Amino acid sequence: MAGMPLLDSLRPFFEKTEPVKPTAGDGDGHLDAALIPSWRSSGDADRYRGYQAAWVTPYLGRSVLDAGAQTGELVARIVRRGAKLERLVLTDHEQGWIEHLRRRFTDAEVLGLSLPGRPDIAPVDTVLLVNVLGHLEHDVETIAGLGEVLVPGGRVVVWEAGYPELFSDFDRDQAGRRRRYTPEGLAERLRLAGLEVEISRPVNLLGGLFNRVMVGRTADFADPRLVRLYDRLVVPLSRLFDRLPLRFGQNVFAVARVPAE
């Protein structure tokens, strides 16, 4: 008898023959520099990227700096959603991703940038930081430096891994993550960088519960069935709960402004 796709996807929860890691909900992680030229999107996190874009897009201005853009998957989805971007600036610290971004986004300004650091560019309306701050030792200094390239009243839009209790060996050893944030903790860092916080809240409740189940089964590879299960089932259902005043989630979403002159 042919297997049932959903049951096949759930099987790793019940069979302990091999460990698996948390899936796409916390970002792309690190890819060996030698593998970057051959990187291709699997499409397994397509709904998750759409989920991120749906949260981020309403807060973007006409000119956007995506700091730590890496693959460019999210900004491509934002553009497909119809965001009216007159200017797009993409940065990364890895030369392989810089070359990749230049090939993929021929109309964008693409430059190398190690954080914390201030890019030498004309001011922008919005700085986008998606799964970046949690990887950095100096997160407040990073926010403050990038805030210097914003116009008065410009926004910093942040999507980060949420809740320290979800921190795993995979976060530390494979993704290179230093910390996960609470909404209160992320808001405090934004304020310390001199910004006025508009929003800081948990999102992706079911993703957080999914992560909590998986956190004891982490390793240096992902079972593709679990990635698909997360993207095709967990993400669509989790979006429904975001309408509620959540107190927990896999991610934290925040928006802050540079004070107007």
Side-chain angles (χ1 to χ4, degrees), residues 24 26-43 45-46 48-139 141-151 154-161 175-177 193 254-256 258:
D26 292 324
D28 297 319
H30 293 289
L31 187 66
D32 188 285
L35 299 177
I36 291 175
S38 61
W39 177 87
R40 297 291 183 276
S41 173
S42 68
D46 192 56
Y48 181 72
R49 294 299 179 212
Y51 184 26
Q52 291 179 306
W55 271 101
V56 165
T57 302
Y59 298 94
L60 301 181
R62 297 284 185 170
S63 56
V64 174
L65 163 62
D66 184 357
Q70 203 179 61
T71 66
E73 284 290 282
L74 177 58
V75 75
R77 175 56 69 95
I78 289 169
V79 171
R80 289 202 300 271
R81 283 181 62 88
K84 305 299 183 183
L85 303 183
E86 296 175 356
R87 179 169 165 240
L88 179 61
V89 184
L90 304 172
T91 77
D92 204 272
H93 72 280
E94 175 62 58
Q95 185 61 33
W97 288 129
I98 295 168
E99 294 170 2
H100 165 84
L101 292 167
R102 284 175 175 156
R103 291 192 300 268
R104 185 171 187 179
F105 300 95
T106 56
D107 294 331
E109 301 170 43
V110 180
L111 60 150
L113 179 67
S114 295
L115 298 172
R118 182 192 186 282
D120 185 17
I121 60 170
V124 295
D125 299 325
T126 314
V127 168
L128 184 59
L129 288 164
V130 176
N131 291 316
V132 170
L133 295 175
H135 293 81
L136 303 175
E137 181 178 1
H138 303 293
D139 52 357
E141 292 85 345
T142 293
I143 299 166
L146 293 172
E148 293 178 4
V149 303
L150 283 167
V151 299
R155 282 172 164 152
V156 175
V157 180
V158 182
W159 178 284
E160 264 300 336
R177 184 169 285 116
V255 179
V258 172

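This one's a predicted model, so the numbers in the text were calculated from it and none came from an experiment.
- With sequence neighbours excluded, the residues that form a side-chain contact (heavy atoms from CB on, under 4.5 Å) with V151 are P123, D125.
- Taking CD of E160 as the reference point, atom CG of L133 lies at 5.0 Å (rounded to 0.5 Å).
- Remark: of the listed residues V75, I78, L88, I78 is the sole one forming a side-chain contact (heavy atoms from CB on, under 4.5 Å) with L128.
- Taking both residues in full, the closest heavy atoms of N131 and A161 are given as OD1-N, 3.6 Å, listed atom of the first, atom of the second, then distance.
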Can you give each donor-acceptor pair under 3.5 Å made by side-chain atoms of residues 106-119, sequence neighbours left out, with the distance rounded to 0.1 Å?
| residue | atom | partner | partner atom | Å |
| --- | --- | --- | --- | --- |
| E109 | OE2 | R87 | NE | 2.6 |
| R118 | NE | E148 | OE1 | 3.4 |

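- Atom CG in L65 sits 8.0 Å away from atom CG in L129 (nearest 0.5 Å).
- To the nearest 0.5 Å, atoms OH (Y48) and CG (L74) are separated by 9.0 Å.
- In this structure, CG on L136 lies 4.5 Å from OG1 on T142, to the nearest 0.5 angstrom.
- Using a distance-only test at 3.5 Å, with no hydrogens or angles considered, a donor-acceptor pair links the side chain of T126 to the main chain of G61.
- Considering only heavy atoms from C-beta on, V124 comes within 4.5 Å of L150 through its side chain.
- Evaluation of the salt bridge (Lys or Arg N to Asp or Glu O under 4.0 Å) rule for D92 yields no partner, not counting sequence neighbours.
- Judged purely by atom type and a 3.5 angstrom limit, R77 uses its side chain to pair as donor or acceptor with the backbone of D46.
- Here CZ of R155 is found 9.0 Å from CG of L60. Values are rounded to the nearest 0.5 Å.
- For A193, the side-chain contact (heavy atoms from CB on, under 4.5 Å) partners two or more places apart in sequence, or in a different chain, are V140, I143, A144.
- Atoms CG and CG, from L85 and D66 in turn, are 10.5 Å apart once rounded to the nearest 0.5 Å.
- Partner E73 forms a side chain to side chain donor-acceptor pair (under 3.5 Å) with one of R104, R49, Q52 and no other, that one being R104.
- Distance alone, capped at 3.5 Å, is enough to place a donor-acceptor pair between the H100 side chain and the T71 backbone.
- Legend: residues meeting side-chain hydrogen bond (donor to acceptor under 3.5 Å, both in side chains) with E99, ordered by chain and number and at least two apart, are Q95.
- Pairing each heavy atom of F105 with each of G72, the nearest pair is CZ-O, 3.4 Å.
- In this structure, A69 and L101 approach most closely via the heavy-atom pair CB-CD1, 4.0 Å.
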